[in-house]
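Have a look at the structure below, then the notes.
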Amino acid sequence: MTGIERIAAERKRQIEQEGWTAGHDDQHHPGELAWAAYVYAMAAGLVIDADGADPPVLEQPLIFPFGPAWWKPSTDPVRNLEKSGALIAAEIDRILRARGGGA
């Protein structure tokens, strides 16, 4: 799969398995999903920077907007980027709905 296909598959998983529907996403404060996306992208960068050495300890950053049970980083940078991309897509859709533009 390509990157965009992986992100779409992760977003579909989030909706179908986690229940993170449009209605659920709309309950988040503006920017929360973007912050979560940022943190997962940062985790991917840390793993990539390790370049095969022992993976870094990926503790929950203080800026992660959700509780510890939702911080689930991977030692696979692609997986973290899939999560990040899906969260970005969710935040874009949330913003568009808030503006009255659908999504």
Side-chain angles (χ1 to χ4, degrees):
M1 283 194 291
T2 66
I4 196 68
E5 290 168 335
R6 288 174 175 273
I7 290 168
E10 172 58 15
R11 184 64 189 135
K12 182 178 179 182
R13 186 201 69 77
Q14 290 175 352
I15 293 167
E16 293 176 354
Q17 294 180 17
E18 303 287 350
W20 298 341
T21 62
H24 173 269
D25 292 346
D26 289 347
Q27 295 175 20
H28 285 289
H29 294 287
E32 276 187 331
L33 299 171
W35 279 112
Y38 166 74
V39 172
Y40 273 106
M42 185 177 64
L46 291 171
V47 173
I48 292 166
D49 282 348
D51 196 27
D54 289 335
V57 175
L58 299 172
E59 294 181 13
Q60 180 179 335
L62 294 175
I63 61 171
F64 186 67
F66 311 127
W70 296 109
W71 175 238
K72 301 174 187 177
S74 173
T75 56
D76 177 3
V78 171
R79 185 70 188 116
N80 289 328
L81 290 170
E82 291 167 353
K83 292 177 183 183
S84 177
L87 286 160
I88 288 169
E91 183 74 343
I92 290 169
D93 290 346
R94 189 201 61 72
I95 291 168
L96 292 173
R97 284 189 301 276
R99 289 181 179 172

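Fair warning: this is a prediction, and the values are worked out from it, not measured in the lab. We use all heavy atoms of the structure for the numbers below, so side chains are in, but hydrogens, waters and symmetry mates are not.
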>> Test of understanding: with side chain to side chain contact (heavy atoms under 4.5 Å, CB included), list the residues that count as partners of Ser84, not counting sequence neighbours.
In response: Ala37, Tyr40, Ala41, Ile88

>> Can you tell me how far apart CD (Gln14) and CG (Leu87) are? Round to the nearest 0.5 Å.
In response: 5.0 Å

> Once you round to the nearest 0.5 Å, how far does OG of Ser74 lie from CD of Glu82?
Replying inline: 9.0 Å

> For residues 23-49, which residue pairs qualify under salt bridge (charged side-chain N to carboxylate O under 4.0 Å, His left out), counting only residues two or more places apart or in two chains?
Replying inline: Arg11-Asp25, Asp26-Arg97

> What is the ring orientation for Trp20 with His24, classed by angle as parallel under 30°, tilted 30 to 60°, or perpendicular over 60°?
Replying inline: parallel

> side chain to side chain contact (heavy atoms under 4.5 Å, CB included) with Glu5: which residues, sequence neighbours excluded?
Replying inline: Met1, Thr2

> Shortest non-hydrogen contact from Pro77 to Ala44?
Replying inline: O-CB, 3.6 Å

> Excluding sequence neighbours, so at least two apart, what forms side-chain hydrogen bond (donor to acceptor under 3.5 Å, both in side chains) with Arg13?
Replying inline: Glu10, Glu18

> Residues two or more places apart in sequence or in another chain: which of them pass side chain to side chain contact (heavy atoms under 4.5 Å, CB included) with Ala34?
Replying inline: Glu91

>> To check you understand the geometry: which heavy-atom pair defines the closest contact between Thr75 and Val47, and what is its length?
In response: O-CG1, 3.1 Å

>> Listing request: all ring-ring contact (aromatic ring centres under 6.0 Å, His included) pairs with a residue in residues 75-94, at least two apart in sequence or in separate chains.
In response: none

>> Checking Pro61 now: which residues fulfil side chain to side chain contact (heavy atoms under 4.5 Å, CB included) with it, not counting sequence neighbours?
In response: Val39, Met42, Ile63, Phe64, Trp71

> Could you state the interatomic distance from CG (Leu58) to CG (Asn80), rounded to the nearest 0.5 Å?
Replying inline: 7.0 Å

> Side chains of Trp35 and His28: closer than 4.5 Å at any heavy-atom pair?
Replying inline: no

